[in-house]
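Heads up, the thing below is written out as structure tokens.
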Amino acid sequence: MNDFEKRVAEKERDGLYSTGIDTLQVNLGLRCNQQCVHCHLEASPHRTETMPWTIMELILRVAGRVRCQLVDLTGGAPELNPSFRRFVSDLRLEGHTVQVRTNLSVLLEPGMEEMPGFLRSHQVRLVASMPCYLEENVRAQRGPGAYERSVTAIKTLNRLGYGSDPELPLNLVYNPGGPFLPPPQSALEEDYRRELGERFGIRFTRLLTITNMPLGRFRKQLDRQGQRENYQRLLRDSFNPKTVPGLMCRRQLSVGWDGTLYDCDFNLTLGLPVNHGAPDHIRSFKRDDLWTRRVVTGEHCFGCTAGSGSSCGGALV
Ligand code: SF4
Ligand code: SF4
């Protein structure tokens with residue numbers, strides 16, 4: 001058992017186990033129009049890793065068998081995958097609930113003019129990164145112009161009904177601008193609603209707070225600032241056993257752009273596929289082996305259990 005599993009053992013038996021697959025998270029590739037300083041995947045316009053259609057076909061087959069509650073598309077910027085629309089259309093045709101994690105600014109890239117309407121007409125749920133309601137903080141993380149582009153994109157989505165129509169949820173994502181934990185989610189949601197509402201008339205469904213993982217580009221930034229050890233200690237010292245039952249790896253499976261299976265997107269970053277005997281590629285998917293698999297954990301997992309906890313769906317407690 002590693003140190004994380006020892007802490008978890010206070011709540012669980014021998015290690016961390018999944019209890020089902022409610023969400024199939026699919027990483028469509030690492031190409032992104034942005035290059036954010038906190039990106040654990042180190043996505044950028046220069047990355048070439050892209051999920052091919054042949055892997056998407058396998059996922060469609062598996063999704064039909066598993067019938068999970070949600071197919072969650074992420075990247076990079078998932079919209080930049082050349083087969084994005086075909087994949088979304090086929091998933092929706094087969095009755096799956098589809099969610100896309102968008103960085104918003106990609107919707108203003110050349111060739112994306114029809115994308116908001118496409119998402120709406122396919123009733124795709126949206127989770128959009130908006131790391132702060134203040135311009136300077138967004139600029140620091142995502143570069144100049146990112147704030148204005150994000151606001152423009154949200155306004156376009158609002159005009160289509162996103163953020164007000166219950167069938168078209170638009171959840172915003174906050175992540176800290178440095179090596180500290182997110183503030184309480186519900187209080188921050190009120191701040192976002194007030195500030196973005198008063199300044200721009202923006203509407204959104206919920207705010208999700210996500211802890212920065214000390215991986216990828218954020219880890220390099222911590223190293224440059226000599227903060228990595230302090231931050232790792234903060235995450236460890238903030239271990240909250242109440243978060244363990246809700247850890248996302250327990251009800252989710254991640255598929256990498258090449259079809260490799262992971263317990264979560266962070267393990268994908270680290271190149272740690274599912275293990276302990278579970279099949280680790282979509283082509284050899286076996287429901288029973290993956291349903292109750294033992295999760296591959298490590299030091300980074302303390303990022304999910306610190307304070308109120310963190311997951312792709314926001315705080316855990
Ligand atoms: S954090 Fe998101 S938007 Fe930023 S570079 Fe990474 S994938 Fe792209
Ligand atoms: S990093 Fe991944 S495997 Fe570790 S606790 Fe978080 S979701 Fe689970």
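Whatever order the structure lists them in is the order used to number ligands and atoms, beginning at 1. Predicted model, so just to flag it, every value in this text is computed and none were measured.
Shortest contact from atom 6 (Fe) of ligand 1 to any protein heavy atom: C39 SG, 2.4 Å. For atom 8 (Fe) of ligand 2, the nearest protein heavy atom (residue, atom name, distance) is C249 SG, 2.4 Å. Looking at atom 5 (S) of ligand 1, its nearest protein heavy atom turns out to be C36 N, 3.4 Å. For atom 2 (Fe) of ligand 2, the nearest non-hydrogen atom of the protein is C264 SG, 2.3 Å. Taking atom 4 (Fe) of ligand 2 as the reference point, the nearest protein heavy-atom neighbour is C301 SG, 2.3 Å.
Every atom of ligand 2 with a heavy atom of N267 under 4.0 Å away is listed here by number and element: 3 (S). Interface of M248 with ligand 2, defined as ligand atoms under 4.0 Å from a residue heavy atom, comprises 7 (S). Below 4.0 Å from some heavy atom of Q34 lie the following atoms of ligand 1, by number and element: 3 (S), 5 (S). Proximity to R142 (heavy-atom distance under 4.0 Å) selects the following atoms of ligand 1: 1 (S), 2 (Fe), 3 (S), 4 (Fe). Short contacts between ligand 1 and G76, defined as distances under 4.0 Å to a heavy atom of the residue, involve ligand atoms 7 (S). Residue F266 approaches ligand 2 through these ligand atoms, each under 4.0 Å from one of its heavy atoms: 1 (S). Against a heavy-atom cut-off of under 4.0 Å, A43 is close to the following atoms of ligand 1: 5 (S), 6 (Fe), 7 (S).
Under a cut-off of 6.0 angstrom, the local environment of CD in E229 is sparse, with at most 12 non-hydrogen atoms contributed by other residues, nucleotides or ligands. Annotation for R219: atom CZ does not count as buried by contact number, only 12 or fewer foreign heavy atoms lying within 6.0 Å. Annotation: R125, atom CZ; neighbour count of heavy atoms from other residues, nucleotides and ligands within 6.0 Å does not exceed 12. Counting non-hydrogen atoms of other residues, nucleotides and ligands closer than 6.0 Å to CZ of R199 gives a total above 12.
Paired with N212 under the rule side-chain contact (heavy atoms from CB on, under 4.5 Å), one option of P131, C39, P176 passes, and it is P176.
Taking 2.8 Å as the threshold, C304 does not count as a candidate ligand of atom 8 (Fe) of ligand 2, since none of its N, O or S atoms lies below it. Under 2.8 Å from atom 6 (Fe) of ligand 2 lies no N/O/S atom of H300, from backbone or side chain alike. Within the coordination shell of atom 8 (Fe) of ligand 1, defined by N, O or S atoms under 2.8 Å, C32 is present.
Using a 4.0 Å cutoff on heavy atoms, V296 counts as a contact of ligand 2. Taking a 4.0 Å cut-off on heavy atoms, V295 registers as neighbouring ligand 2. The closest approach between any non-hydrogen atom of S129 and ligand 1 is not below 4.0 Å.
In this structure, Y192 contributes its side chain and C132 its backbone to a donor-acceptor pair below 3.5 Å.
Relative to the ring axis of F285, R65 does not place its NZ or CZ within 45° and under 6.0 Å from the centre.
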With a cut-off of 3.5 Å and sequence neighbours excluded, list every side-chain donor-acceptor pair involving residues 165-172.
residue, atom, partner, partner atom, Å
D165, OD1, E167, N, 2.8
N171, OD1, R206, N, 3.1

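In the model, N267 has no side-chain atom that pairs as donor or acceptor with a side-chain atom of S254 under 3.5 Å.
Going from atom CD of E49 over to atom CG of L30 covers 4.5 Å, rounded to the nearest 0.5 Å.
Between R193 and E189, at least one side-chain N (NZ, or NE/NH1/NH2) sits under 4.0 Å from a carboxylate O, which counts as a salt bridge.
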